[in-house]
Structure formats: C-alpha cells, structure tokens
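Whatever order the structure lists ligands and atoms in, that order sets their numbers, starting from 1. Keep in mind it's a predicted model, so treat the numbers as computed, not measured.
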Amino acid sequence: MHTIDVAGVQVDTRHFVNGERLESPATYTNTSPIDGSFLGEIARGDADAVNAAVAAARAAFPTWSKLGPKKRGELLNKLADLVEANVETLANIETLDNGALLRSHLRGVMPRVAMNIRFFADYAINDLHHEAFETRGHTNNITWDPSGVAALITPWNAPLMLATWKIGPALAAGDTVVLKPAEWTPLTASYFADLTKQAGIPDGVFNVVFGYGTEAGAALTAHTGISRISFTGSVPTAKIIAHAAADNLTPVSFELGGKSPCIVMADADLDLAAEIAVEQYDNAGQVCLSGTRILVHESVADEFAEKFREKAAALTQGDPRDPATDIGPQVHQVHFDRIKGFVDRAVAEGHDIAWGGGPNTELGGLYFQPTLVKNPAPGSEIVSAEIFGPVLCMQTFTSDDEVIAMANGTEFGLAAVVVSGNRDHAKRITDELVAGTIWVNCFFVRDLRAPFGGSKKSGIGRDGGTWSFDFYADVKNTVVSPNGWKE
Ligand code: NAD
C-alpha cells in the first residue's frame, strides 16, 4: 500500500523524486494528534533517497533556470490556482496530521499557501528591479541569477504554509528544490507534490524526501550538490545544520525560535491588550512569533489580569475539526511531554500557576490546558526558554527602561508586541526593542513584501519580497564600460 486515505483523498506515502514516486526500504509510523489514530507508514529517507532527489533537481536546473520569470510565473500561478481549488482537502489533511484548527486552515492558512506561491511568482516578474548604477560612465547592472538546488527543511507547526514561504521564492528565482518536511507532519507536502505535477511544473524541479532530521535532513544539508539551505526550526538543530553547511560553505537562511515579549503599557486600551494577550495561545501555543512573556505596567496589572483571565476562561479546548474549538491538541507525545516537563519543573520551583498547569484530564490525549505562570523569577527556565506550547508568563514593570531591559533580556529576538494608547510613547519603546517584527496594538498582520526574520539567536537572514530573492538567487553586478565597442 503506497497511498493512504486521509480526509477522503488518497495521499501517497512515498518520496516524490523527478516527478515520480520513489519507494523507500524503510518507513516510520505517522499518527494523528487529535486522537492518536494511525495515519500511515511514511517513507523514511536516507542518503540514497537524498542523492536521487538532488540528482533530479540538478538535472532539471538548466531548463528551469533558463525558462525565465514569466514562463515560470505562468506555471506557478497554475499551481496557486490548484491550491485554491484544493483548500478544503489540504485543510482537512493538515488538521488530521498536525492538530491545528480546521477553521484556521480553511480561512487563513491554505489560502495563504496559494498567496505565497502567487506573490513570489508575480514579484519575480514585476517587482525585482534590475537596477543599473552609473559610475564614471560605467553601468553597473544588477541581476538575480538562479543559484542551483535549494534544500528546504521545515517544521511541523504550520507545515505547508512555512514550506511555501520557501518554495515560492526558490522556484520563482529559478532554483530547483528538494524539500524535507518535518517527520510528524509529512502529508500536505505529499499532496502538494501531486499538485505541482498537475500544474505542469517539469519533473525534477520540485522534489520531496520524507523522514527524520537526523537521517534525511542530515544527508541533505551535507550534500555537495546543493546551493542553498533554508531552514525553519529550533536553535539546536540550526547549530547542527550550520556545521554541515560550513563544510561546503553553503549559504544558509535560518528562521528559528523565540520568547517574545507582549508589552502592555499603562496607557493601553486594556480590553484590546487582553484580546491580544489571549491570541498568544493560538495554535495551542505552537507559534514561533507568540508573545509568550506578557509584561504589564504595575499600575494596570490587576485590571488587565482580570480582563485577560475572563478571555482565557472563555477559550474552548477540543477537537480541532469542531468550529467551536479555540485550542486543539499538541502535535506529538514527545512535544507534549516536553511542555509538561517545563511546567512541572516550574511548579516544583514554587512558581505561581494562575490557571491551567497540566494536561486537560477531561480530554486526555495530547490536550494541554492553556496555562499562565505569574511573576516568574527573573532568569528562571520558564521565562527564558522557548516552550512552544500554551504556556504564558506574566511579569510587571514600573518604568520604560525596566520594560525595555526585560523585553530584550533573552537570547532571542524574533518578535515583540506593544499595546499602548500613545503613538510617541509606543515609538520610544519600539525604537529600543531588538526584534525582527514588532506589532503595535495588533498581532500577526504582515505584508509579504516586508522582511521577516529574527535577530540574535532567532535567525540568520530575512525572508519576504526582495530579501527572499537575495537569498535564493546569485546576485550579480555586471559593470559595462562606455569604451571598446565596435558597432
Ligand atoms: P526542529 O529543529 O526539531 O526540526 C525542524 C526540521 O529540522 C524538521 O524537518 C526536522 O526533521 C529537521 N531536522 C532535525 N534534525 C536535523 C538535522 N540534524 N539535520 C537536518 N535537519 C534536521 O524544530 P521543530 O520542533 O520541528 O519546530 C519547532 C521550532 O521551530 C521552534 O523552535 C519554533 O520556534 C521554530 N519555528 C520558527 C519559525 C520562524 O519562522 N522563525 C516558524 C516556525 C517554527
């Protein structure tokens, strides 16, 4: 059996290499986080599978890279059309595989997958300005040339959305691709591979190798036939990949973890602040950008805490396919145990757990209660480490200087949220924050033309608009003299 019935459609469990399915001698078991049910036996890639995928991608590169942005754009827009036509199917597959809310996949995430592909296809045609600079009569012509084979390694928290944030610009830039999706959530990548074939993307341009990071991922990042490594995941894995990349001097782009602040100023609209604070539980807390450290001015702390408590108490936890559900399960038992470990240690250290604090015993399985840790000791594990679950901390501050120091006081610098009723005051704070993205009186809104990425240990490089092409392409300057012409 090479296909499994998921959400009423057949999903292939083999690698996708050179436009065909590639058998794997070994497999691993994939289960649904919703109820632990068996989903299928998935190809467990090794160096052989990776070698075949990189060879196919290299063979496809000369033709794809020479096709030009317009022709590539036509095919990629066809692919985006197919994603749009399959939003419901992709949403249902993803929910079964990673346990995130079906209604979010239907309304936001899968339409965004199509948008990612369309945006970068059109950007390569219309918005990459092939600038020319004049120096003493000489013209410097800037071009973005395709670089080769991009190795893309992705996490499980928003599997297809984050993958297409890389696939879109890589293919639009003229690179060919080998994708290694996270082992816990392989299914939408497989269905998506079928859509690339239907869209007429030539064989070998897009390849998928499934399997474990330590096997397929390690073989891919160490391969001498790739030109780029784009990785989204955790800091410890990034360090391993950085070593592999160093051997071949392969350029890397890293989108990593965070422990972002969500700052509530004394002048904030506290209803809005509570609304934004409760959003930090979205996707069962499995969002890299979440403002998991709520920093609230002491003068409004009690009033804010009461409003926040009311909103948190109104969250419904349950089956992510139910439209009434706000918080689903964690993705996998290993991850669930990791979250529980953080909270158990915080309890043992005597931290004040305002609500939640453990598994939801009524639901059982992988459902962890939304949790708030109040006034954690500065520097303690619970307020320093990325938990990546529905666990928030709340601390108070009394001055701008203090909150800026607290906000910047971790090894991360991915994002920050500031809630304030005064523009000048908000700006004074945002000017001092070290973060790739800052939201003021809002959360999660972002234009695909804008840069996205992390400072400090939260990443290397930026995605979005021209920044993506700067990474996936070989940017070239051709300097042309006014002299020496015979015509
Ligand atoms: P992870 O680092 O464990 O795994 C990510 C990917 O790397 C998976 O595909 C995995 O198989 C692969 N991998 C693991 N070991 C590897 C190795 N030795 N060589 C090559 N590949 C290897 O991360 P995760 O648990 O899947 O994801 C959660 C992390 O991702 C969190 O830290 C979160 O903050 C981060 N994240 C960041 C962003 C962002 O845009 N900054 C977005 C989503 C998630």
Check your understanding: Are the ring centres of Tyr28 and Phe210 closer than 6.0 Å?
Key -> no

Point to revise | No-hydrogen, no-angle side-chain donor-acceptor test under 3.5 Å, Asp12 and Ser190 | key: no

Point to revise | Side chains of Gln198 and Asp194, donor plus acceptor under 3.5 Å | key: no

Revision key, fill the gap. For Thr232, the atoms of ligand 1 under 4.0 Å from one of its heavy atoms are 5 (C), 36 (N), 37 (C), 38 (C), 39 (C), 40 (O), 42 (C), 43 (C), 44 (C)

Exercise for review: State whether a side-chain donor-acceptor pair under 3.5 Å links His223 with Asn51.
Suggested key: yes

Check your understanding: Hey, looking at atom 20 (C) of ligand 1, which of Gly217, Ala244, Ala219, Gly258 has the closest heavy atom?
Key -> Gly217

Point to revise | Heavy-atom nearest neighbour in the protein, as seen from atom 9 (O) of ligand 1, with distance rounded to 0.1 Å | key: Thr154 O, 2.8 Å

Exercise for review: Within a distance under 4.0 Å of any heavy atom of Ile240, pick out the atoms of ligand 1 and give their elements.
Suggested key: 18 (N)

**Study point:** atom 29 (C) of ligand 1: the protein heavy-atom neighbour that sits closest, reported with distance to 0.1 Å
**Key:** Gly233 C, 3.5 Å

Point to revise | Heavy-atom proximity to atom 4 (O) of ligand 1, best of Ile387, Val334, Thr237 | key: Thr237

Exercise for review: Determine whether any heavy atom of Phe452 lies closer than 4.0 Å to an atom of ligand 1.
Suggested key: yes

Study note, to complete from the structure: ligand 1 to Phe231, heavy atom cutoff 4.0 Å, flagged ligand atoms 2 (O), 5 (C), 6 (C), 7 (O)

Check your understanding: So, are Arg103 and Asp322 salt-bridged, with charged N and O less than 4.0 Å apart?
Key -> no

**Study point:** Thr214, Leu179, Ile153: member with heavy atom nearest to atom 12 (C) of ligand 1
**Key:** Ile153

Practice item. Before signing off on this row, confirm whether Ser458 and ligand 1 have an N or O atom pair separated by under 3.5 Å. Key: no

Practice item. List the steps and the verdict of side chain to side chain contact (heavy atoms under 4.5 Å, CB included) for Glu183 and His332. Key: CA-CA 11 Å; Glu183 48 269 48; His332 193 275; over 6 Å; no

Review point. If you count the atoms of ligand 1 from 1 in the order shown, which ones are under 4.0 Å from a heavy atom of Gly257?
Key: 32 (O), 34 (O)

Review point. Which ligand 1 atoms are under 4.0 Å away from a heavy-atom of Asn157?
Key: 43 (C), 44 (C)

Practice item. Please report which non-hydrogen protein atom sits nearest to atom 27 (O) of ligand 1, along with the residue it belongs to and the distance in Å to one decimal place. Key: Pro155 CB, 3.4 Å

Revision key, fill the gap. Ranked by distance from atom 31 (C) of ligand 1, the top protein heavy atom is Glu386 OE1, 3.4 Å

**Study point:** Heavy atom of the protein closest to atom 22 (C) of ligand 1 (residue, atom name, distance)
**Key:** Gly213 CA, 3.4 Å

Point to revise | Protein residue, atom and distance nearest to atom 37 (C) of ligand 1, heavy-atom basis | key: Leu256 O, 3.1 Å

Revision key, fill the gap. Paired with Leu152, the side-chain contact (heavy atoms from CB on, under 4.5 Å) test is passed by just one of Lys180, Arg228, Lys166, namely Lys166

Check your understanding: Are the aromatic ring centres of Phe206 and Trp64 under 6.0 angstrom apart?
Key -> no

Review point. Side chains of Ile429 and Ile404: does their closest heavy-atom pair fall under 4.5 Å?
Key: yes

Point to revise | Flag for Glu41-Thr29: side-chain donor and acceptor within less than 3.5 Å | key: yes

Review point. Counting heavy atoms only, which of Ser234, Ser290, Ala238 comes nearest to atom 1 (P) of ligand 1?
Key: Ser234

Study note, to complete from the structure: Closest to atom 28 (C) of ligand 1 among protein heavy atoms sits Phe388 CE2, 3.6 Å

Review point. Can an N or O of Trp156 be found at a distance shorter than 3.5 Å from an N or O of ligand 1?
Key: yes

Check your understanding: Side-chain donor-acceptor pair under 3.5 Å between Asp97 and Trp184, yes or no?
Key -> no

Practice item. Would you check the N or O atoms of Lys180, main chain and side chain alike, for any that come under 3.5 Å of an N or O of ligand 1? Key: yes

Exercise for review: Carefully, step by step, assess Thr410 and Ser384 under the rule side chain to side chain contact (heavy atoms under 4.5 Å, CB included).
Suggested key: CA-CA 6 Å; Thr410 74; Ser384 314; 5.6 Å; no

Point to revise | Interfacing atoms of ligand 1 (cut-off 4.0 Å, heavy-atom, Ile241) | key: 19 (N), 20 (C), 21 (N)

Check your understanding: Can Ala218 be said to touch ligand 1, with heavy atoms closer than 4.0 Å?
Key -> yes

Check your understanding: Does atom CZ of Arg112 have more than 12 heavy-atom neighbours, drawn from other residues, nucleotides or ligands, at distances under 6.0 Å?
Key -> yes

Exercise for review: Using the six-membered ring of Phe342, assess whether NZ or CZ of Arg345 lies under 6.0 Å from its centre and within 45 degrees of the ring axis.
Suggested key: yes

Point to revise | Sub-3.5 Å N/O-N/O distance, Thr221 and ligand 1 | key: no

Check your understanding: Just checking, any donor-acceptor pair under 3.5 angstrom between side chains of Tyr472 and Ser253?
Key -> no

Exercise for review: For Leu162, counting its heavy atoms only, list the atoms of ligand 1 lying under 4.0 Å from any of them.
Suggested key: 42 (C), 43 (C)

Exercise for review: Starting from atom 38 (C) of ligand 1, find the nearest protein heavy-atom neighbour and note its residue, name and distance.
Suggested key: Cys288 SG, 3.1 Å

